[in-house]
Amino acid sequence: MLFVIAAMETQLSNGPTCNNTSNGPSTITNNCSSPVESGSVEDSKTNLIVNYLPQNMTQEELKSLFGSIGEIESCKLVRDKITGQSLGYGFVNYVDPKDAEKAINTLNGLRLQTKTIKVSYARPSSASIRDANLYVSGLPKTMTQKELEQLFSQYGRIITSRILVDQVTGEYSVSRGVGFIRFDRRVEAEEAIKGLNCQKPPGATEPITVKFANNPSQKTSQALLSQLYQSPNRRYPGPLAQQAQRFRLDNLLNMAYGVKSRFSPMAIDGVTSLAGINIPGHAGTGWCIFVYNLAPDADESILWQMFGPFGAVTNVKVIRDFNTNKCKGFGFVTMTNYDEAAVAIASLNGYRLGDRVLQVSFKTNKTHKA
DNA sequence: TTCAATT
């Protein structure tokens with residue numbers, strides 16, 4: 001894979017900047033790559049951490065890219081211990097501190113494929129900065145990243161923060177009420193949990209949940225396997241498939257002849273985020289469907305198989321217990337088109353899967369319970 | 001038995 005230097009962004013004259021693009025966490029506070037932040041004498045002036053690297057970028061390519069700035073003492077792409085997959089970040093240690101500074105000024109914010117890389121000074125490796133990452137849920141949908149940081153900053157220095165959003169449509173995006181806060185030190189994260197878990201943020205009606213984040217590297221083999229189903233085959237025997245196929249054919253005919261289905265609230269689709277009105281199941285770009293009464297051993301593939309034949313499915317999720325990894329009895333499916341989602345619901349609600357009768361509906365806005 | 005979420 002080649003990385004085109006010509007795609008380099010105009011960071012050259014701007015100096016160190018924070019990466020506030022949508023593909024990675026970012027700090028609001030303007031300290032994320034400034035040399036001034038390294039107050040400690042122990043802080044290296046040559047060692048850089050590079051975040052948000054494209055998944056397929058190799059250590060050699062990382063070295064090649066950063067070697068264009070100056071002589072590199074060492075370079076390491078961090079990989080998953082088991083799978084060998086890149087974890088999307090790495091370290092580059094220069095011989096000359098001036099080159100490290102130059103690399104920040106030149107390469108921070110560089111766009112590589114779908115990513116915008118972040119280049120900043122690495123903090124000294126130590127036990128105290130490990131496991132300082134928090135997962136926060138139940139946030140008010142109106143809370144901004146800045147407000148999130150303000151809430152947590154009383155407990156320590158925030159390294160990165162992020163609020164997860166539904167897929168961005170133009171300028172608009174909707175918070176999923178879930179986010180991350182990485183503190184400088186673990187003790188700060190512990191204090192934040194004590195102080196904020198199960199507490200209502202100012203003005204909020206519901207308490208938030210604050211806990212240590214999962215380690216992303218311990219992504220289960222099950223989760224990795226489920227990615228193989230991102231291209232589900234559409235073979236699904238039985239009358240259901242025929243119903244689904246007939247509907248798809250109807251859709252094609254409608255498109256060809258300009259016939260508008262009696263469903264299709266497409267007109268509302270484009271304005272929901274502007275008007276702030278809530279339509280069941282509607283989340284930014286698709287229609288979220290609640291599937292209830294799944295078996296404990298249900299997995300993502302069954303959802304792909306059931307819903308795929310009805311049309312464009314962008315996401316499926318089986319909700320599992322964190323400890324047992326067994327399905328908690330429900331899951332979610334996101335479909336792009338209202339018509340297809342509506343037919344899928346009409347067809348699959350009451351459907352017998354094994355010895356269970358499924359209940360399928362648009363997702364409602366039942367409130368978060370910690 | 002009825003609505004999550006893990007950059």
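We use all heavy atoms of the structure for the numbers below, so side chains are in, but hydrogens, waters and symmetry mates are not. Throughout, protein chains are lettered first and strands after them, A, B, ... in sequence-line order, and every chain is numbered starting at 1.
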Sugar-phosphate, base or nothing in reach of A/F330, heavy atoms under 4.0 Å =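 Answer is sugar-phosphate: A/F330 comes under 4.0 Å of backbone atoms only.
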ask   = Say you draw a straight line from CZ of A/F183 to CD of A/E191; how long is it, rounded to the nearest 0.5 Å?
value =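 With rounding to 0.5 Å, CZ (A/F183) is 10.0 Å from CD (A/E191).
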Whole Å only: how far is the [atom1] atom of [X] from the [atom2] atom of [N]?
| X | N | atom1 | atom2 | answer |
| --- | --- | --- | --- | --- |
| A/F362 | B/dT2 | CZ | P | 22 Å |
| A/K328 | B/dA4 | NZ | P | 8 Å |
| A/K211 | B/dT6 | NZ | P | 11 Å |
| A/N214 | B/dT6 | CG | P | 9 Å |
| A/K326 | B/dT1 | NZ | C1' | 17 Å |
| A/Y292 | B/dA4 | OH | C1' | 14 Å |
| A/I345 | B/dC3 | CD1 | C1' | 13 Å |
| A/F322 | B/dA4 | CZ | C1' | 14 Å |

Considering only side-chain heavy atoms of [X], which listed nucleotide, [options], is closest?
| X | options | answer |
| --- | --- | --- |
| A/N293 | B/dT1, B/dC3, B/dT2 | B/dT1 |
| A/I319 | B/dT6, B/dC3, B/dA4 | B/dA4 |
| A/F332 | B/dT1, B/dA5, B/dA4 | B/dA4 |
| A/C288 | B/dT6, B/dA4, B/dC3 | B/dA4 |

Tell me yes or no: between the side chains of [X] and [Y], is some donor less than 3.5 Å from an acceptor?
| X | Y | answer |
| --- | --- | --- |
| A/Q55 | A/S86 | no |
| A/D80 | A/Q85 | no |
| A/E61 | A/N56 | no |

request  = Tell me whether the OP1 or OP2 atom of B/dA4 has a side-chain N or O from A/R320 closer than 4.0 Å.
outcome  =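 False: A/R320 side-chain N/O out of range (4.0 Å or more) of B/dA4 OP1/OP2.
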query = Quick one: is B/dC3 close enough that its OP1 or OP2 comes under 4.0 Å of any side-chain N or O from A/K317?
reply =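 A/K317 to B/dC3 OP1/OP2: no side-chain N or O under 4.0 Å.
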query = Under the criterion side chain to side chain donor-acceptor pair (under 3.5 Å), which of A/K146, A/E149, A/R182 is the partner of A/S161?
reply =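 Running side chain to side chain donor-acceptor pair (under 3.5 Å) over A/K146, A/E149, A/R182 with A/S161 returns exactly one hit, A/E149.
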